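Just so it is clear, the model here is predicted, and its values are computed rather than measured. Residue numbering restarts at 1 for every chain, and letters A, B, ... go by the order of the sequence lines.
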Number of protein chains: 2
Amino acid sequence: MMVRKKIPEKSVERICRYREILLEYQSIGKEFIFSHELASEVRVSPAQVRRDLMYFHLKGVPQQGYRVSEFLYEIDDLIDPKEVQDVILIGVGNLGKAILSYFTHKRPKLSIVAAFDVDANKVDRVISGCECFHMRDLQKFTREREIKIAIITVPAQEAQAIANTLVESGIRGILNFSPVLLKVPADVYLECIDITTSLEKTVYFSRGRR
Amino acid sequence: MMVRKKIPEKSVERICRYREILLEYQSIGKEFIFSHELASEVRVSPAQVRRDLMYFHLKGVPQQGYRVSEFLYEIDDLIDPKEVQDVILIGVGNLGKAILSYFTHKRPKLSIVAAFDVDANKVDRVISGCECFHMRDLQKFTREREIKIAIITVPAQEAQAIANTLVESGIRGILNFSPVLLKVPADVYLECIDITTSLEKTVYFSRGRR
DNA sequence: AGGCAATTGTGAATTAATTAACAAATTGTT
DNA sequence: AACAATTTGTTAATTAATTCACAATTGCCT
């Protein structure tokens with residue numbers, strides 16, 4: 001079987017954004033898209049778009065561009081898991097709820113199947129369309145359902161302990177929103193969204209403009 | 001007056017993370033830190049840390065490392081605005097609330113001074129420690145207080161319109177959490193946090209590991 | 001059908017980011 | 001007071017990411 005070239009993070013990120021735009025195009029009935037159209041939507045160069053396209057084999061035609069449906073098919077094939085991926089979320093605070101309601105049915109291949117919290121008001125209820133369990137069942141659930149992906153939205157102090165539990169239970173990837181630089185083994189993929197850093201960056205780069 | 005070298009985004013990001021660790025060190029009373037300690041905390045190479053340090057002039061001493069307090073001072077001096085920056089947040093849903101409560105007194109130089117929403121239950125109340133006004137006052141407030149930074153946490157459909165209003169009112173930087181690729185003039189800094197893309201990335205890179 | 005204009009696909013060139021490497025400096029030790 | 005062991009600061013080397021540039025296509029127009 002042929003091994004697909006490994007795709008760098010940056011490209012995967014851009015490809016996900018392309019999909020967003022392509023879905024929009026599809027929804028308004030446009031059948032074709034040019035590299036420069038996609039590029040201007042995503043704020044990259046047309047050359048960059050075409051370069052990213054080399055990771056999969058999409059044939060565009062000069063004067064016409066790429067067929068949107070075909071483009072989307074290729075992205076799905078490249079990026080999406082083959083089977084539906086079950087994801088869990090830990091920490092049903094404001095942030096957790098935002099993510100839950102946000103993700104419901106966003107992508108057919110991604111499904112947040114359970115949320116966990118310690119708060120009795122949340123446990124055993126459906127919150128933002130997702131069933132919420134007590135934290136004490138986290139490990140059991142993760143193991144039995146063989147969950148590979150988790151989203152952490154708990155306060156800073158608890159984050160590392162939860163990450164540890166998850167790793168122990170066989171998690172392969174963590175999307176972390178808690179304001180802590182988690183430590184996980186090198187073979188567990190860790191994506192961190194650090195809101196403070198983002199704001200600080202915004203402030204920094206906003207100065208010295210005009 | 002000497003012009004400070006322009007610092008690339010990646011370095012600013014790392015420097016913000018360094019600060020996080022340094023504050024931790026400070027809080028547990030450690031006076032010095034080595035480049036390799038900081039590096040392992042932030043998951044970069046020691047050489048990278050030292051390289052980043054070249055953007056400001058911090059003298060470390062062999063065998064001892066960098067003085068934490070001095071290090072923090074230099075970061076503040078480099079990254080933080082000289083005066084307190086007033087920031088506003090638009091969209092007091094779950095995500096907005098999460099950010100509000102999260103940021104209160106997080107950084108002395110950054111202050112979310114107002115939030116905006118259309119919901120009558122939120123307007124004219126203090127939510128997560130922040131005063132909430134009606135959306136219709138957004139432009140007036142932004143102009144009068146000369147707000148330069150805004151955080152957008154509204155649903156997708158409204159995001160672009162709000163961005164337009166903000167730009168018109170003189171905003172210089174936007175931190176956008178709404179799932180839309182906003183269009184703003186090139187001289188307005190735009191930082192986007194795209195939760196969907198992050199999750200998709202996590203899923204993608206979690207496969208093919210063990 | 002032939003020519004014009006636009007757009008793709010991809011090596012080559014460029015620029016940016018990271019790592020390697022090592023002299024200079026400093027501390028503690030004998 | 002010389003030595004050994006570290007760790008810094010920085011230049012050079014390497015690797016990664018982006019842009020350039022242009023031949024090869026294709027559609028459209030006359």
Hey, is the side chain of B:Gln64 poking within less than 4.0 Å of OP1 or OP2 on C:dT26, counting only N and O atoms? no

Heavy-atom nearest nucleotide on DNA chain D taken for B:Val61 and for A:Arg50; more 5' hit belongs to B:Val61

Taking D:dT7, C:dA20, D:dT25 as options, the one with an atom nearest any side-chain atom of B:Pro62 is D:dT7

| field | A:Arg51 (side chain) and C:dT10 (base): donor-acceptor pair under 3.5 Å | value | no

Atom CE of B:Met54 and atom C1' of C:dT18 are separated, to the nearest Å, by 14 Å

TODO: Salt-bridge test for A:Arg19 and A:Asp76: reply yes if a basic N is under 4.0 Å from a carboxylate O, no otherwise.
DONE: yes

_Tell me whether A:Lys30 is salt-bridged to A:Glu37, with the criterion being a basic N under 4.0 Å from an acidic carboxylate O._
yes

Looking at B:Arg107 and B:Glu20, is any side-chain nitrogen of the basic one under 4.0 Å from a carboxylate oxygen of the acidic one? yes

To the nearest angstrom, the CG-C1' distance between A:Leu58 and D:dT25 comes to 16 Å

Please check the phosphate of C:dG9 (OP1 and OP2 only) for any side-chain N or O of A:Tyr66 closer than 4.0 Å. yes

Rounded to whole Å, the CZ-P distance (A:Phe32 to D:dT26) equals 13 Å

Short side-chain N/O contact to C:dT18 OP1/OP2 from B:Ser45, under 4.0 Å:
no

- [ ] Indicate, with a heavy-atom threshold strictly under 4.0 Å, whether A:Ser35 touches base, sugar-phosphate, or nothing.
- [x] sugar-phosphate

Does B:Lys59 have a side-chain nitrogen or oxygen under 4.0 Å from the phosphate oxygens OP1 or OP2 of C:dA25? no

Rounded to whole Å, the CD-P distance (B:Glu70 to D:dT8) equals 14 Å

Here the ring pair (Phe, Tyr, Trp, His ring centres under 6.0 Å) pairs for residues 70-109 of chain B, sequence neighbours left out, are B:Tyr66-B:Phe71

Is A:Gln63 side chain donor-acceptor paired with the C:dA5 base, going by distance under 3.5 Å alone?
yes

In whole angstroms, the gap separating P of C:dT18 from OH of B:Tyr55 amounts to 9 Å

Query - Phosphate-side-chain proximity, A:Arg14 and D:dT18, N/O vs OP1/OP2 below 4.0 Å - result: yes

The residue among A:Ile99, A:Ile112, A:Thr104, A:Ile88 that forms side-chain contact (heavy atoms from CB on, under 4.5 Å) with A:Cys130 is A:Ile112

note: A:Lys10, atom NZ; D:dA16, atom P; distance rounded to Å ~ 13 Å

Taken to the nearest whole Å, NE2/B:His36 to P/D:dT8 is 7 Å

From CD of B:Glu37 across to P of D:dT7 the rounded distance in Å is 9 Å

Considering only heavy side-chain atoms of B:Phe34, the closest of C:dT7, C:dT18, D:dT7 is D:dT7

